[in-house]
Amino acid sequence: MLPSPETAEVIRRELLDWYRKNRRDLPWRKNKDPYRIWLSEIMLQQTRVDTVIPYYERFMEQFPTLEDLANATDDQVVKAWEGLGYYSRARNLHSAVKEVVANYGGRVPSEPETIAKLKGIGPYTKGAILSIAYDKKVPAVDGNVMRVFSRLFAITDDIAKQSTRKKMERIAEALIPDSAPGDFNQALMELGALICTPGSPQCLFCPVQSVCHAYREGLEHELPRKKKQKPPEPVDVIFAWLICAGRVLVEKRPETGLLAGMWGLPTFEQVPGETLEQTMENFCDKKGVPASNYQVKGRLEHIFSHRHWKVVMIQAEVSEPDFPLPENWEWVKKEDLRLRAFPNVYRKALKQLI
DNA sequence: AACGCGTGGCC
DNA sequence: TGGCCAAGCGT
């Protein structure tokens, strides 16, 4: 059910007016450089504004232009992303930026069909870049917008479903103005971030309260509806701290799956029914590591989106450092560990071990 | 279509 | 304190 033309006009006017008075002064709002907008949208995927800001500032300092990023190495880009999470975003962005330089003369495509082909740019990011940087009338429906629409129009569909986002995009198309599509899209998101928040929406300060179906019915706390996600599955994991003469063995993780392609300590699952020392010793034997003096150095827990690692860190001394290294393993001097990009779970471990 | 993919902040 | 999230995308 689409909003009436009268309702649509009220929403456009009130939202744009409210946004122009209340918009936050964020680093990516300094100008409309498509590269700056693009980077911000990728970093902001599933990530809070306050978390992103320092990463964004540092990243822009290190890679001020699209060409600078295209000319960087993968290691540099991932290092700049270290700690931000969802690391495939960095790899996809880097790959896409290189493609823009190679195939589009270094200009971010302004056509929906073209930009949508780039890695890491889905329906939301496409709409955000095109509307904010190029003033195109394309919807940008993210979690904020879905929450706002759910409440404004009392939509009870599960916002975790793909079909719901398409429904919301149809509504957005009916609302988005010719004059300032980028401001309007950002106004919707800003309203979701500042007023129409998940927990306790500030309906008394809402510029579109008068046309909000949920507010009228007292349903703002019941909406949006969203399927609960399963709790992370616990896994017992061992980190091997394999040392020799001031050096440590590190492992590059597989190119797919959790922390894909990231550096870490050699990591393996605890085998049920075995002691820690048995599993550790079997692991070292299997890898051909001549290790001795096994010793538990500490424990930590780390919760990912769907895994809960219960980690035991076990140290062993490598007696013969010139043994043939397993694939994707390297020796690193302890003081050089900081030069490499480790995801946070390993940084937490290293903090305890060093 | 449903699931895998990080992290930190919030109450 | 731990469950719930926060400007999604790829498969």
Side-chain angles (χ1 to χ4, degrees), chain A residues 19 23-24 26-29 36-56 78 81-93 95-96 115-129 131-132 139-148 157-166 168-169 172 182 185-194 196-200 221 224 226-235 253-262 264 301-309 341-348:
Chain A
Y19 178 65
R23 74 197 291 262
R24 290 167 291 178
L26 299 170
W28 43 90
R29 287 179 175 166
R36 294 177 61 90
I37 308 296
W38 183 2
L39 174 64
S40 74
E41 293 301 338
I42 301 299
M43 284 190 167
L44 286 163
Q45 287 170 8
Q46 305 297 106
T47 311
R48 288 184 152 72
V49 166
D50 289 345
T51 303
V52 165
I53 288 174
Y55 280 91
Y56 182 84
V78 174
W81 210 270
E82 181 184 41
L84 195 52
Y86 287 141
Y87 298 95
S88 66
R89 292 182 296 173
R91 303 180 197 286
N92 287 338
L93 172 66
S95 157
I115 198 172
K117 291 181 182 151
L118 296 172
K119 277 187 200 166
I121 298 188
Y124 162 73
T125 305
K126 172 183 74 176
I129 297 174
S131 64
I132 298 170
V141 175
D142 70 341
N144 283 311
V145 176
M146 292 211 278
R147 184 171 58 257
V148 169
D157 304 52
D158 180 353
I159 63 168
K161 301 180 95 164
Q162 189 100 5
S163 55
T164 306
R165 203 208 70 242
K166 296 195 171 166
M168 303 278 187
E169 281 179 342
N185 282 342
Q186 291 186 86
L188 278 172
M189 293 188 273
E190 198 83 338
L191 187 79
L194 300 181
C196 196
T197 52
S200 35
H221 293 285
K226 189 176 177 184
K227 189 185 68 177
K228 282 204 200 43
Q229 59 189 34
K230 288 186 215 164
E233 182 187 332
V235 188
R253 295 177 56 79
E255 295 300 326
T256 57
L258 187 60
L259 305 175
M262 301 296 290
E301 297 197 13
H302 189 85
I303 300 173
F304 300 97
S305 46
H306 63 291
R307 287 286 184 280
H308 181 164
W309 277 6
F342 291 103
N344 274 7
V345 61
Y346 293 112
R347 294 203 294 174
K348 277 160 62 174

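Remember, predicted model here, so these are calculated numbers, not experimental data. In the text below, chain A, chain B and the rest are named by the order of the sequence lines, each starting its count at 1.
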At under 4.0 Å, does any side-chain N or O of [X] touch on OP1 or OP2 of [N]?
{"X": "A/Lys226", "N": "C/dA6", "answer": "no"}
{"X": "A/Thr125", "N": "C/dC9", "answer": "yes"}
{"X": "A/Asn344", "N": "B/dG8", "answer": "yes"}
{"X": "A/His306", "N": "B/dC5", "answer": "yes"}

Within the structure shown, what part of the strands sits under 4.0 Å from [X] by heavy-atom distance: base, sugar-phosphate, or nothing?
{"X": "A/Val52", "value": "nothing"}
{"X": "A/Gly199", "value": "nothing"}
{"X": "A/Ser40", "value": "nothing"}
{"X": "A/Trp28", "value": "base"}
{"X": "A/Arg147", "value": "sugar-phosphate"}
{"X": "A/Pro231", "value": "nothing"}
{"X": "A/Arg253", "value": "nothing"}
{"X": "A/Ile121", "value": "sugar-phosphate"}
{"X": "A/Gly192", "value": "nothing"}

Original post:
Pick the nucleotide of DNA chain B nearest each of A/Ser163 and A/Tyr86; which residue has the one closer to the 5' end?
Top reply: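 Here A/Ser163 is the residue nearer the 5' end.
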**OP:** Return the 5'-most residue of the pair A/Ala260, A/Lys230 with respect to DNA chain B, ranking by each residue's nearest nucleotide.
**Re:**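 So the residue in question is A/Lys230.
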Subject >> hbond_proxy A/Thr51 side chain to B/dG9 base (donor-acceptor, 3.5 Å cutoff) >> reply: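 For A/Thr51, whose side chain was compared with the base of B/dG9, there is no donor-acceptor pair (under 3.5 Å).
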**OP:** In whole angstrom, give me the gap between the P atoms of C/dT11 and B/dG6.
**Re:**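 Roughly 14 Å separates the two P atoms.
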**OP:** Could you measure between the two P atoms, the one in B/dC5 and the one in C/dA6, and give it in whole Å?
**Re:**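 These two P atoms come out 22 Å apart once rounded.
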Original post:
What's the NZ-P distance between A/Lys348 and B/dG6, to the nearest Å?
Top reply: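 These atoms are roughly 14 Å apart.
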Original post:
Between atom CD1 in A/Ile303 and atom C1' in B/dG9, what is the gap in whole Å?
Top reply: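 It works out to 13 Å between those atoms.
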**OP:** Supply the atom-to-atom distance A/Thr164 OG1 to A/Gln162 CD, rounded to the nearest 0.5 angstrom.
**Re:**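 So the OG1 of A/Thr164 and the CD of A/Gln162 are separated by 9.5 Å.
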**OP:** Any chance you could lay out the salt bridge (charged side-chain N to carboxylate O under 4.0 Å, His left out) test for A/Arg91 and A/Glu255, step after step, and finish with the verdict?
**Re:** CA-CA 11 Å; A/Arg91 303 180 197 286; A/Glu255 295 300 326; 5.4 Å; no
**OP:** Flag yes if more than 12 heavy atoms outside A/Lys119 fall under 6.0 Å of its NZ atom; otherwise flag no.
**Re:**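 No, NZ of A/Lys119 has 12 or fewer neighbouring heavy atoms, counting only those of other groups under 6.0 Å.
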**OP:** Test side-chain contact (heavy atoms from CB on, under 4.5 Å) on A/Met262 and A/Phe342 and set out the steps.
**Re:** CA-CA 6 Å; A/Met262 301 296 290; A/Phe342 291 103; over 6 Å; no
Original post:
How about A/Phe304 and A/His306: are their ring centres within less than 6.0 Å of each other?
Top reply: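 Here the rings of A/His306 and A/Phe304 have centres that are no less than 6.0 Å from each other.
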